[in-house]
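Only heavy atoms go into these numbers, but all of them, side chains included; no hydrogens, no water, no symmetry mates. Indexing begins at 1, ligand by ligand and atom by atom, following the structure's order.
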Amino acid sequence: MVTLAERWDLRPEHFWMRNGRPDKPVETDENGVCNVYGYQAILDVFGDPKTYSSDVTRFFLADTETDDSFNEGTLLQADPPEHTKLRKLISRSFTAKMVAGLEPRISAITREILDAMAGQDEFDLVAELTYPMPVIVIAELLGVPGSDRDLFRAWVDRMTDSATALASEEGAAGDEEPDARAAMRHVPEMLAYLHEHVAERRRTPREDLLSALVASEVDGKRLDDAAVVNFANELLVVGHATTSALLGNTVLCLDSHPEDLARVRKRPETAAAVVEEALRYMSPIAASYRVATTDTRLGDTEVPAGTLVALWLGAANRDPAQFPRPNVFDPTRDPNAHLAFGRGIHFCLGAPLARLEGRLGLNLLLERFPELRTDPDNPPEFWALPHVIATSKLPLRVG
Ligand code: HEM
């Protein structure tokens, strides 16, 4: 059977998408990067933040005009003890309960978007739905006024360009290479905008996440404005493109598995399990990164201090030692302990939101369009980033 990756010509380094296996679970490449593909080996790294630091900024933002203040308040690159304190503070506001309460708003936003798509024979699902939906949800969650949505989206677009440009400069992407430094120059503009809102919430708190973050307190300590702003920015960056990818990838998985598509159409209550299996089978974050803080060993591979360690979550999610029949898309798989949201102290804080958006987005899309299929003459396009598997364009035909 032709894999989804062969059908749509996915990047060759995402070998697991072509049902390939690595020679070894851990392998150091010619650039000195330690690539980890095995499920257990990745758990070992996630479980040892002392030996494997998350502060990998020097590998990715070395030439850009950022300083340390850019990272203050962000979780992804923080290590304990700072990470522990920060995560505790942020978790007080960004709770699963708060996210569950968003269900009616997310449904309403999605319906509004779907209404605007009516009457077309073919559309790009990314431009129409999967891209705008998560940014509107995060903007609402934070409390950014609806009237500023477009402004917000434009900033997020530019940041996406910047991420693509950084990857391009590492020699990973296509011909048109936007300049990473130029794209990063727009970041302060957006941070200034968020600063204004944070200052406003200190004066007049509202029922939104920015107000909750401003007020949250652990051991008498609060987040300062810069930390709240940077975290809000982090939510946007990490919570937007990933959720968009999740929806697009789920649709592509179902398009290649018509029986599963028919089943979820008949039984919408199985959508959550479909989303979960799509997260495993076509993981949006193909890789996370760490840096070794000391000379160490991973399996039988030596890892010198300072080595960049790439954790290939997508490959681990096809590890036969963990998943029976790993290359079969099986939404009834149980258990399905995939690593698409990471594991350990940095486990994705937005997982409940991503799952909710994925389930609602899928159900509402299928409900609205009784027939949906890809168009071989107008194939999907993918982001040119090695650590991400996400459609940048997903043309679908209606009927
Ligand atoms: C962390 C994946 C959606 C916020 C992570 C990590 C992964 C991940 C793999 C761990 C990274 C590491 O350990 O290096 C995903 C995927 C998503 C998604 C696949 C969608 C399908 C979201 C959303 C939000 C979010 C919607 C918020 C609105 C975060 C935050 C962290 C994180 C704040 C950092 C947590 C920490 O360092 O303690 N995510 N994410 N993510 N994610 Fe997500």
Side-chain angles (χ1 to χ4, degrees), residues 36 42-43 45-49 52-57 59-60 71 73-91 93-96 98-99 102 106 130 133-142 144 156 209 213 227-228 230-250 253 272 275-291 308-314 316-317 338-362 387-391:
V36 189
I42 289 186
L43 283 188
V45 175
F46 275 144
D48 185 359
Y52 299 99
S53 161
S54 287
D55 187 3
V56 293
T57 21
F59 291 97
F60 296 100
N71 276 331
T74 63
L75 286 169
L76 269 173
Q77 272 95 30
D79 288 323
E82 286 72 26
H83 177 269
T84 321
K85 279 187 257 170
L86 202 57
R87 181 139 176 155
K88 207 166 161 191
L89 263 170
I90 288 172
S91 306
S93 321
F94 196 65
T95 59
M98 182 206 73
V99 169
L102 291 173
I106 297 176
T130 74
M133 189 250 229
V135 87
I136 296 172
V137 170
I138 295 175
E140 282 218 3
L141 183 80
L142 289 171
V144 167
V156 176
L209 182 58
L213 287 168
V228 175
N230 285 344
F231 177 65
N233 184 43
E234 181 176 43
L235 278 190
L236 258 175
V237 179
V238 297
H240 176 231
T242 47
T243 309
S244 169
L246 169 60
L247 262 171
N249 292 1
T250 305
C253 288
V275 165
E276 222 50 46
E277 179 65 347
L279 278 163
R280 183 194 72 84
Y281 190 81
M282 195 172 180
S283 310
I285 305 283
S288 278
Y289 296 91
R290 296 291 187 270
V291 55
L308 181 65
V309 180
L311 306 174
W312 292 96
L313 307 178
N317 284 337
H338 63 72
L339 299 178
F341 290 122
R343 194 60 78 79
I345 63 165
H346 289 277
F347 179 78
C348 179
L349 202 61
L353 179 60
R355 287 177 161 136
L356 183 63
E357 288 183 273
R359 170 170 68 78
L360 295 175
L362 179 64
H387 63 279
V388 166
I389 301 187
T391 49

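E234 contributes a side-chain N or O that, together with a main-chain N or O of L76, makes up a donor-acceptor pair within less than 3.5 Å. Side-chain atoms of N249 come within 3.5 Å of backbone N or O of M282 as a donor-acceptor pair.
Ring centers of F46 and F347: at least 6.0 Å apart, outside the cut-off.
With no hydrogens or angles considered, a side-chain donor-acceptor pair links H346 and S54 at under 3.5 Å. Between the side chains of T74 and N230, not a single donor N or O lies within less than 3.5 Å of an accepting N or O.
Residues satisfying the salt bridge (charged side-chain N to carboxylate O under 4.0 Å, His left out) test with R343, not counting sequence neighbours, are none.
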For each nitrogen or oxygen atom of ligand 1, which protein N/O atoms lie closer than 3.5 Å, and how far apart are they, rounded to 0.1 Å?
from     : atom 1 : to   : atom 2 : distance (Å)
ligand 1 : 13 (O) : R290 : NH2    : 2.8
ligand 1 : 14 (O) : S288 : OG     : 3.3
ligand 1 : 14 (O) : R290 : NH1    : 2.8
ligand 1 : 37 (O) : L75  : O      : 3.4
ligand 1 : 37 (O) : H346 : ND1    : 2.6
ligand 1 : 38 (O) : H83  : NE2    : 2.7
ligand 1 : 38 (O) : R87  : NH1    : 2.7

